Undergrad: 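Have a look at this one.
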Amino acid sequence: MIRKAVFPAAGLGTRFLPATKASPKEMLPLVDKPLIQYAVEEARNCGIEELLIITGKQKRAIEDHFDSAYELEDALTKKGKKELLEMVRKLNHINFAYIRQRAPLGLGHAILCAKPFVKVEPFAVLLSDDVIDPENSLLADMISIAARKQAPVVALESVAAEDVEKYGIIEGEAGADGVYRIKRLVEKPKPSEAPSRLGIIGRYILTPDIFDILETLPAGKGGEVQLTDALNRLAGLRPVYGYLFNGKRYDAGDKLGFLRATVELALKDKVLSAGFREFLVGLMKDEFSSLHSRP
Ligand code: G1P
């Protein structure tokens, strides 16, 4: 059973500048919910109730989002807006711990900051840039594989050859149960050096022995302490597994991926979908006719 989850959120969000100059990228909304709330709900749907956010400078809005908002709640109560009040209040009942990463030294370093919170049990890591379809059971599946194998598990996706440079890439072989036994992991390799096209997506079930490795691990790609490098060392010491995800994932850490996620999630939204679909169909018709009317 996994009781604890860690949400690294100290990154600078440079891919979304200027929006992220003074606001956390984790608070960018997909339709009406900030990215980090999707990840938090995903963990809680798996029964994980001890949540740690690794924060940094300019990240106060995340703490405020999950705190009580007395004036807002009071105003909504007085206006009798029960549904909105419920929506706001349900966020106040989640217990969070926060640890500040003093400098953006990489994902590996962010995970090391979680050591005093995690202590000695296996734990989940969720990167809120990677948004998983809320109806999917990826994290629950990973938790049961980790329990069965008594080992760390990372989520994998088959990525395009030109995209291997954006991911941690694994070398491994699928067992009879379809789960990959990982031999080696490389952080963001050049396409010519990638051992496969199996990229790590932002869901991990880790074991506390990762901290021993992270404590002495030198900086890797981009001068940052890389979780992928730590997992690569771990894979030399004990079995590490990869679970190939076939469901829907949105890379909301990238502008195009963010736009795709916005459109698809809006199309799934009960209230918005009909009107939004009509708008998109109209837009496509206009695009189509302008394409055909060009000389
Ligand atoms: C991080 C990891 C990378 C992983 C990716 C998944 O990179 O370092 O190994 O594949 O998350 O989203 P980032 O996207 O933060 O640069």
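One-based numbering, in listed order, for ligands and for the atoms of each. We're numbering straight along the sequence, starting at 1. Treat the numbers as computed from the prediction; the structure is a model and nothing was measured.
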Undergrad: Hey, does I201 come in under 3.5 Å of ligand 1, counting only N/O atoms on both sides?
TA: no
Undergrad: Check the side chains of Y250 and E264 for a donor-acceptor pair under 3.5 angstrom, ignoring hydrogens and angles.
TA: yes
Undergrad: Does atom CZ (R60) have a neighbourhood of more than 12 heavy atoms from anything else shown, all under 6.0 Å?
TA: no
Undergrad: Applying salt bridge (Lys or Arg N to Asp or Glu O under 4.0 Å) to E26 and K59, what does each step give before you reach the verdict?
TA: CA-CA 9 Å; E26 293 77 12; K59 302 284 182 170; 2.8 Å; yes
Undergrad: If I apply the N/O under 3.5 Å rule, does E187 come out as touching ligand 1?
TA: yes
Undergrad: Tell me the protein heavy atom at minimum distance from atom 5 (C) of ligand 1, and give that distance in Å.
TA: I200 O, 3.9 Å
Undergrad: Regarding K221 and D229, does a basic nitrogen lie under 4.0 Å from an acidic carboxylate oxygen?
TA: no
Undergrad: Would you say the side chain of F245 lies within less than 4.5 Å of the side chain of I132, judging by non-hydrogen atoms?
TA: yes
Undergrad: Would you please name every residue forming a salt bridge (Lys or Arg N to Asp or Glu O under 4.0 Å) with K57, sequence neighbours left out?
TA: none
Undergrad: For atom 7 (O) of ligand 1, which candidate among R15, K166, K188 provides the closest heavy atom?
TA: K188
Undergrad: Answer with yes or no whether T228 contacts ligand 1, where contact means a heavy atom under 4.0 Å from a ligand atom.
TA: yes
Undergrad: Of the side chain and backbone of L127, name the one, both, or neither that has a heavy atom under 4.0 Å from an atom of ligand 1.
TA: side chain
Undergrad: Might you check, step by step, whether the distance between atom 10 (O) of ligand 1 and some protein heavy atom is under 4.0 Å?
TA: yes
Undergrad: Under 3.5 Å between any N/O of L107 and any N/O of ligand 1: does that happen in this structure?
TA: no
Undergrad: Are any of the N/O atoms on D130, whether in the backbone or the side chain, positioned under 3.5 angstrom from an N/O atom of ligand 1?
TA: yes
Undergrad: Are any of the N or O atoms of Y204 closer than 3.5 Å to those of ligand 1?
TA: no
Undergrad: Is there a path of hydrophobic side-chain contacts, each under 4.5 Å between heavy atoms, that joins L234 and Y180?
TA: yes
Undergrad: If the cut-off is 4.0 Å to any non-hydrogen atom of Y167, which atoms of ligand 1 fall inside it?
TA: 10 (O)
Undergrad: With sequence neighbours left out, what residues match A160 under side chain to side chain contact (heavy atoms under 4.5 Å, CB included)?
TA: E162, D163
